[in-house]
Each structure stands twice: as C-alpha cells, then as structure tokens.
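Quick caveat, the model's predicted, so the values are computed rather than measured.
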Amino acid sequence: NINAYPENKDVKIALIEGSVSVFKNNCKEEKYMIPGQVASYCKSSHELTFLKDDVNFESFWANSSITFEAKPLEYIVRYLEKWYHVDILLDPTLSSSQAYTFTIKEEPLEVILRIMASINPISYSFDKNNVVTIKNVEPLKWNAYVDDIIKKGIADRLCLSELLPL
C-alpha cells in the first residue's frame, strides 16, 4: 500500500507481504522492506525511515470491510477516524480493558457507536463540525436496599423506577 497524497506531509509505504525496494530521489542506496514494515518519507526533511508498524492500519482503506477482534477502544478509534473521515475525542476516564469484536462493512458510524455503547458503558455525541466525543458512562449501581428487595422476592410488586435515583 502506498499513501502519497499531495496534502500529506509524509509518503508512506506499508508492506503486508512480499518485498519492495525503496530509495530516495538523489540517493543511489536501495533499501528493501520486509513484511510488517512501514517506510515513511518526510517531504520537508527528506528523511526516509523504516518502522515495524501496524501495516493493516496503513492499508485497510483498500478493503471493503475491517474486522476487529478483542481490540481496545483507543485502537479502534484510529480506524474509525480514517474510515469515516471524522475526528473522535475520547474521555480519558474510559477503560482500556474494554475490548470490542466486530466487523464494519457499510454501516453508518452512528450504528457502530450504538452497538459499541450496548457492549460497554459509553455515550457518544456529534457536534456541528462532525467531531465525535465518546465518554465514559458509570454503570448504574444497585444499592443494598434494592438487593434486599430482590432477595426477598418482592421486587415484582414494586416499581423499581421509584427506587432508583434518576
């Protein structure tokens, strides 16, 4: 995969399999990439670097879908921003231990966020500049009084919404 858009400050080459040789314009030295590497050429400094990086992130746009398997929200957000062309702000109190497994094909971003919110306690909002904010939602905690009612088996005779603060 080659990412060389004129508006980007870097040109990136991500290699998933095979072999690619890379060299700068005025440099006779040829370097070979190995699978799993990303070559990055900075247009302003003319520096060429090779990194072991997430080659799937650099090339996923060419696929018709993307699958996440037990990935944290911070990881997924990078992809969502690129896939849907939005900025996403994450609440720093969000747990990095929450993992998501799903596939995106052609679903709108709001559908994906709604599904994610049903899996883990998050809320989301869109602003007028198409910036998405994802916040942590504290799960509702049962108090001892409600636990006692449930144990005694009288919960079916009471309206639980009267017992829980709104």
S.K.: About how many Å separate CG of L94 and CG of N136, when rounded to the nearest 0.5 Å?
M.R.: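 The CG atom of L94 is 5.0 Å from CG of N136, to the nearest 0.5 Å.
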S.K.: How are the rings of H46 and Y41 set to each other: parallel, tilted or perpendicular (split at 30° and 60°)?
M.R.: tilted
S.K.: With a 4.5 Å cut-off on side-chain heavy-atom distances among I, L, V, M, F, W and Y, is there a chain of contacts connecting F126 to L80?
M.R.: yes
S.K.: Indicate yes or no for a side-chain donor-acceptor contact from Q37 to the backbone of I34 under 3.5 Å, with no hydrogens or angles considered.
M.R.: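 Yes: the side chain of Q37 pairs with the backbone of I34.
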S.K.: To the nearest 0.5 Å, what is the distance between OG (S21) and NZ (K31)?
M.R.: 12.5 Å
S.K.: Looking only at atom types and distance, does a side-chain atom of D10 sit under 3.5 Å from a main-chain N or O of K12, one as donor and one as acceptor?
M.R.: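 No, D10 side chain to K12 backbone: no donor-acceptor pair under 3.5 Å.
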S.K.: Quick one: name the residues clustered hydrophobically with V131, using the 4.5 Å side-chain heavy-atom rule over I, L, V, M, F, W, Y, and just say none if it's on its own.
M.R.: L89
S.K.: Do the side chains of L90 and V77 get nearer than 4.5 Å, heavy atoms only?
M.R.: yes
S.K.: Consider only side-chain heavy atoms of I, L, V, M, F, W and Y, link residues closer than 4.5 Å, and tell whether L51 and I13 are in one cluster.
M.R.: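 The answer is no; the residues belong to distinct hydrophobic clusters.
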S.K.: Let me see the working for I134 and D91 under side-chain contact (heavy atoms from CB on, under 4.5 Å), right down to the final yes or no.
M.R.: CA-CA 6 Å; I134 300 176; D91 181 345; over 6 Å; no
S.K.: Begin from the C-alpha positions of I66 and Y79 and carry the test side-chain contact (heavy atoms from CB on, under 4.5 Å) through to its verdict.
M.R.: CA-CA 9 Å; I66 181 165; Y79 286 83; 2.9 Å; yes
S.K.: Measure from the side-chain N and O atoms of E81 to the backbone N and O of I88, and report whether any donor-acceptor pair falls under 3.5 Å.
M.R.: yes
S.K.: Donor-acceptor pairs are to be reported for all side-chain atoms of residues 103-122 against protein atoms at under 3.5 Å, with residues two or more places apart or in another chain.
M.R.:
{"residue": "T103", "atom": "OG1", "partner": "T67", "partner atom": "OG1", "Å": "2.9"}
{"residue": "E107", "atom": "OE1", "partner": "K105", "partner atom": "N", "Å": "2.6"}
{"residue": "S118", "atom": "OG", "partner": "I115", "partner atom": "O", "Å": "2.6"}
{"residue": "N120", "atom": "ND2", "partner": "Y100", "partner atom": "OH", "Å": "3.4"}

S.K.: Closest heavy-atom contact between A14 and V38?
M.R.: CB-CG2, 4.1 Å
S.K.: Please answer whether the main-chain N or O of A70 pairs with a side-chain N or O of T101 as donor and acceptor at a distance below 3.5 Å.
M.R.: yes
S.K.: Going by the side chain to side chain contact (heavy atoms under 4.5 Å, CB included) test, name the single residue among I16, L15, V20 that passes it with P35.
M.R.: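 Result for side chain to side chain contact (heavy atoms under 4.5 Å, CB included) with P35: L15.
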